[in-house]
2 protein chains.
Amino acid sequence: MTGMTAAHSPASAADRPRLGLRERKKIKTREAIRAATYALVEEQGYDATTIDQIADRAEVSPSTVFRYFPTKEDIVLTDEYDPLLLDELRARPADEPWTESIRYVTHRAVQAGIEEDARVSRLRSRLTAEVPAVRSRMMETMSVTGRMICQAVGERTGRDPDSLEVRVYAMSLIGALMEATMYWAEHGHQDDYAELLDRTLDVLEHGLPAEKP
Amino acid sequence: MTGMTAAHSPASAADRPRLGLRERKKIKTREAIRAATYALVEEQGYDATTIDQIADRAEVSPSTVFRYFPTKEDIVLTDEYDPLLLDELRARPADEPWTESIRYVTHRAVQAGIEEDARVSRLRSRLTAEVPAVRSRMMETMSVTGRMICQAVGERTGRDPDSLEVRVYAMSLIGALMEATMYWAEHGHQDDYAELLDRTLDVLEHGLPAEKP
DNA sequence: CCATCTTTTGACAGTTACTCTCATTTCATG
DNA sequence: CATGAAATGAGAGTAACTGTCAAAAGATGG
């Protein structure tokens, strides 16, 4: 939802012994591919980095890279937290104002992402702002998140989650969050992301504020 | 801005005699490529249509297709109306409420697009909804439109067009309009687009309405 | 521990969008 | 009509993907 999610699976220690060797290897391969990609992208830039180079450094074949990630952009972007966030959204008290629930959950998402790996968070947002292909893919995944928000709105308010109004609301939220991320990256990540988020949600709730002093 | 714009240049009759043979040929080639693409896409679908096929039918070389359009998606999507709409937005009376100006201009855009070629309008919105690559490209071009809206907001209200607030506002508008287009296409273009547009802008202005009866 | 079954992997060939270069053609101009 | 400029076509090249198939590696029952 925020593009800030980290490379490795959230639940780690608990199920490590449970998993067979096969599963453990898969996780390792996945991480190796991502680590190789991050390193190469920081060295050479995104476009200059090819799948073959990634495969080389991760010590797998190019075929394997595509087995793990459908597109090059997904290696950088994939975000496994969305379902968890949705659960958290659902778990909010039913009498809490909707906008507050959204505010809470978005803050949680950002916090989780940064805590996990601030460096990767920033690389991701930077690539989202700078590389059109990455930005597009990001928008696609966030649209999926948007549909989940529609579901949540429907559950909470009894509205039809497929109605134009709910869908428009969700997509305008997605667009706004996307722009906040880009703003953050374009300004060198110097602002406090949490504050940007609050200002973003304020605009959605109350429209453009009065002119500044 | 709306993805509804037509294939041929808005000004047509007036400057025809002025243009040299070279310019006239260029326009013809451009139209030939687009016409070929529309036809092939309707026959076979978007993904099944290759650049080579398009070049064949348009009776040009593949090289020429890429000289005229940077990507395959652009052949379907390119929208020349944005600058005109921006002018119209600027021309609105300064005391008109901002939301009203937006409403007026978006309606004008849709109307212009449909009047020009309803069939192409629908094909475009259908492809935007159905083909991820087209949707992504659409989103990119609409983001550019968003930056223009930032400029216009800045001029009208004296706000900094690069501020987070203005940018977030513009992008949420873009996201909303995008979703309205998708909704329209997904429901087989059976709704009145103008009415969808009004409901969309209502959501942005007043948030989600009370539940339906 | 071994045999067998299943999953994962790598090698390879193929497709397609897109880029670059260069010679040829086509239009503009004096 | 000659000369210069712009547009075109042909062709080679790149890189992201897709699909197939045989080999390798882990799981499993005896």
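Because only heavy atoms are used, hydrogens play no part in the values below, and waters and symmetry mates are left out as well, while side chains stay in. Throughout, a chain's letter reflects where its sequence line sits, starting with A, and its residues are numbered from 1.
Taking five base pairs at each end of the helix from C:dC1-D:dG30 to C:dG30-D:dC1, the local helix axes there meet at an angle of 20°, rounded to 10°.
Residue whose closest nucleotide on DNA chain C sits further toward the 5' end, between B:R67 and B:P70: B:P70. The nearest heavy atom of DNA chain D to A:T71 and to B:V60 marks one nucleotide each, and the one closer to the 5' end goes with B:V60.
The nearest whole Å value for the distance from the CG atom in A:L40 to the C1' atom in D:dA16 is 16 Å. Rounded to whole Å, the distance from NZ on B:K28 to C1' on D:dT8 is 16 Å. The distance from atom CZ of A:F66 to atom P of D:dG19 is 12 Å, rounded to the nearest whole Å. What separates NZ of B:K26 from P of D:dA6 is a distance of 10 Å, to the nearest Å.
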Could you go step by step and tell me if A:S101 and A:R156 meet the side chain to side chain donor-acceptor pair (under 3.5 Å) rule?
-> CA-CA 11 Å; A:S101 301; A:R156 176 79 74 90; 3.0 Å; yes
When you check every protein heavy atom under 4.0 Å of nucleotides 25-30 of chain D, what one-letter string (B, S, -) results, 5' to 3'?
-> BBS---
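Nucleic acid contact for A:F69: none, since no nucleic acid atom lies under 4.0 Å from a heavy atom of the residue.
Taking CG from B:L19 and NZ from B:K25, the interatomic distance works out to 14.5 Å, rounded to the nearest 0.5 Å. Separating the OG1 atom in A:T200 from the CD atom in B:E165 is a distance of 7.5 Å, to the nearest 0.5 Å.
Counted by atom type alone, A:T128 and A:S125 present zero donor-acceptor pairs between their side chains at under 3.5 Å. Side-chain contact annotation: A:T181 with A:Y193, donor-acceptor N/O pair under 3.5 Å present.
A donor-acceptor contact shorter than 3.5 Å links the side chain of A:Y46 to the backbone of A:E73.
Under 4.0 Å is where a charged nitrogen must lie from a carboxylate oxygen, and between B:E155 and B:R90 at least one such pair does. B:D202 and B:R103 are joined by a salt bridge, as a carboxylate oxygen and a charged side-chain nitrogen come within less than 4.0 angstrom of each other. Using a cutoff of 4.0 Å between basic side-chain nitrogens and carboxylate oxygens, B:R34 and B:D74 are not scored as salt-bridged. Here B:R147 pairs with B:D162 in a salt bridge; the nearest charged N to carboxylate O distance falls below 4.0 Å.
The salt bridge (Lys or Arg N to Asp or Glu O under 4.0 Å) search around B:E88 returns B:R108, not counting sequence neighbours. Looking at residues two or more places apart in sequence or on another chain, you find a salt bridge (Lys or Arg N to Asp or Glu O under 4.0 Å) between B:R167 and A:E179, A:E186.
The shortest heavy-atom contact between B:I51 and B:I75 is CD1-CD1, 4.5 Å.
For B:S63 and D:dA10, a side-chain-to-base donor-acceptor distance below 3.5 Å is present, hydrogens and geometry of angles not being considered.
Near DNA chain C, defined here as any heavy-atom distance below 4.0 Å, the residues from residues 42-51 of chain B are B:T49, B:T50, B:I51, listed numerically.
Taking every nucleotide of DNA chain C with any atom under 4.0 Å from a non-hydrogen atom of chain A, the first and last of them, 5' to 3', are C:dT6 to C:dC12.
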